[in-house]
There are 2 protein chains.
Amino acid sequence: MNKNTAITIFESLSSAVRLDVYRLLIKMGNEGMVAGEIASTLNVPSTNLSFHLKGLTHSGLINVEQEGRFQRYRANLPLMLGLIAYLTDECCAGKPETCGEFSPESICSQCADSGSGK
Amino acid sequence: MNKNTAITIFESLSSAVRLDVYRLLIKMGNEGMVAGEIASTLNVPSTNLSFHLKGLTHSGLINVEQEGRFQRYRANLPLMLGLIAYLTDECCAGKPETCGEFSPESICSQCADSGSGK
DNA sequence: TCAATAGTTCAACATTAATTGTAATATTGG
DNA sequence: CCAATATTACAATTAATGTTGAACTATTGA
């Protein structure tokens, strides 16, 4: 995970249509969904959906697999885990003692290691 | 957490400056940083930084506290946890058996409950 | 009160993204 | 091969965001 990847992921999820698509695909799990089903479920014109699917695919948040004349899309959950790690990687870096009340549920590995400081 | 809040958070983090600011503030923990320090650390003109700090504050990702003539900013980590929960809330909803290879590290509570399906 | 410092607001301009309809591509079944 | 279906690519319009410098507000210390 690098900065540009992270920015692309955040851009991907900063539109209502794309966020709906991503959450829908997470809900569908490994089964995924083909483009036409997504369009009719979310009531988005297919030409517009295609634009947004492209963005999500480009960021890696969703994957696509061809199935005859259909394109089946699935969420890529591991990428989200990588993003979270990227954000919290350096939490309280070098000063775990300042982390005490800061990190609420051991999202910060430094704090967890140092026993919630202060 | 609702959809609009989530979109605002993603928009907040979809610019290089704002992502840098947020990660810097996570690194600084409860100590936080005043606006001028942030500007000089990241080499961003103060007028531009102010624009981005406003966006981050509006989304709730960072908080601000006045300290004399300074404004001290801190990251709001709990909000990030809420966002993650919002995304993965409905993972594999209704069909945990489809979740098997999908959720890699029990990010999906449904899968965890059903013993990773398949 | 005055000068210095810290930040923000404003207005102009530049850049980038979203939406729509139309046309193009690709696969399937007859 | 042809017609139908699924989806994507293109181009034009509209809208939203990012950046900058200059002006403004508020606080501090002499």
Side-chain angles (χ1 to χ4, degrees), chain A residues 3-25 28 31-76, chain B residues 3-25 28 31-76:
Chain A
K3 189 158 100 180
N4 286 333
T5 306
I7 289 171
T8 305
I9 293 173
F10 286 124
E11 278 172 355
S12 281
L13 293 174
S14 67
S15 109
V17 172
R18 291 192 297 267
L19 183 55
D20 284 343
V21 169
Y22 184 66
R23 299 224 314 146
L24 179 59
L25 290 177
M28 296 304 288
E31 192 182 331
M33 247 177 146
V34 301
E37 286 173 335
I38 299 171
S40 58
T41 302
L42 300 180
N43 241 281
V44 177
S46 66
T47 171
N48 187 16
L49 179 68
S50 184
F51 169 81
H52 291 297
L53 286 173
K54 193 175 156 191
L56 283 164
T57 305
H58 178 247
S59 75
L61 273 175
I62 66 176
N63 302 124
V64 60
E65 186 187 357
Q66 184 149 9
E67 260 182 28
R69 79 178 87 174
F70 303 91
Q71 301 291 118
R72 181 165 299 270
Y73 289 90
R74 293 185 181 84
N76 175 8
Chain B
K3 189 159 100 181
N4 286 332
T5 306
I7 289 171
T8 305
I9 293 173
F10 287 124
E11 279 170 355
S12 282
L13 293 174
S14 66
S15 107
V17 173
R18 291 192 298 266
L19 183 55
D20 284 343
V21 169
Y22 184 66
R23 299 224 312 146
L24 178 59
L25 290 178
M28 296 303 288
E31 190 181 331
M33 246 178 149
V34 301
E37 287 174 334
I38 300 171
S40 58
T41 302
L42 299 180
N43 241 280
V44 177
S46 66
T47 171
N48 188 16
L49 180 67
S50 185
F51 170 81
H52 290 297
L53 287 173
K54 194 175 157 192
L56 284 164
T57 305
H58 178 247
S59 74
L61 274 175
I62 67 176
N63 302 124
V64 60
E65 187 187 357
Q66 184 150 9
E67 260 180 27
R69 76 178 90 170
F70 302 91
Q71 301 290 121
R72 181 167 299 271
Y73 288 91
R74 293 184 181 86
N76 174 8

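Chain A is the first sequence line, chain B the second, and so forth, proteins listed ahead of strands; every chain is numbered from 1.
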Seminar exercise, completed: When rounded to whole Å, the CZ to P distance for the pair Phe70(B) and dA4(C) reads 17 Å

Problem set entry | Protein-nucleotide distance (His58(A), atom NE2; dA17(C), atom P), rounded to Å | 11 Å

Problem set entry | Whole-Å distance separating the NZ atom of Lys54(B) from the P atom of dC10(C) | 7 Å

Exercise. To the nearest angstrom, how far is Glu65(B) atom CD from dA6(C) atom P?
Worked result: 18 Å

Seminar exercise, completed: Here the distance between atom P of dT7(D) and atom CG of Leu42(A), to the nearest Å, is 14 Å

Problem set entry | Qualifying residues under side chain to side chain donor-acceptor pair (under 3.5 Å), relative to Ser50(B), sequence neighbours excluded | none

Exercise. Pairs in or reaching into residues 31-51 of chain A: which pass salt bridge (Lys or Arg N to Asp or Glu O under 4.0 Å), with residues at least two apart or in two chains?
Worked result: Glu31(A)-Lys95(B)

Exercise. What does nucleotides 16-30 of chain D look like as a protein-contact string, B for base, S for sugar-phosphate only, - for none, at under 4.0 angstrom between heavy atoms?
Worked result: --SBBBB----BB--

Problem set entry | Separation of dA18(C) P from Ile7(B) CD1 (nearest whole Å) | 11 Å

For this session: Return the set of residues passing side chain to side chain contact (heavy atoms under 4.5 Å, CB included) with Thr57(A) (not counting sequence neighbours), or none when no residue passes.
Result: Ile62(A), Val64(A), Tyr73(A)

For this session: Quick one: list whatever passes side chain to side chain donor-acceptor pair (under 3.5 Å) with Ser59(A), sequence neighbours left out.
Result: Ser12(A)

Exercise. Who passes side chain to side chain contact (heavy atoms under 4.5 Å, CB included) against Ser46(A), sequence neighbours left out?
Worked result: none

Exercise. Under the 3.5 angstrom rule, does the side chain of Glu11(B) hit a backbone N or O of Leu13(B) as a donor-acceptor pair?
Worked result: no

For this session: Tell me whether the OP1 or OP2 atom of dT8(D) has a side-chain N or O from Tyr73(A) closer than 4.0 Å.
Result: yes

Seminar exercise, completed: So salt bridge (Lys or Arg N to Asp or Glu O under 4.0 Å) across residues 13-22 of chain A, not counting sequence neighbours, yields Asp20(A)-Lys3(B)

Problem set entry | Sequence neighbours excluded - salt bridge (Lys or Arg N to Asp or Glu O under 4.0 Å) pairs with any residue from residues 52-71 of chain A | Glu65(A)-Arg74(A), Glu67(A)-Arg72(A)

Exercise. In degrees, rounded to 10°, what is the bend between the two ends of the helix from dT1(C)-dA30(D) to dG30(C)-dC1(D), using five pairs at each?
Worked result: 30°

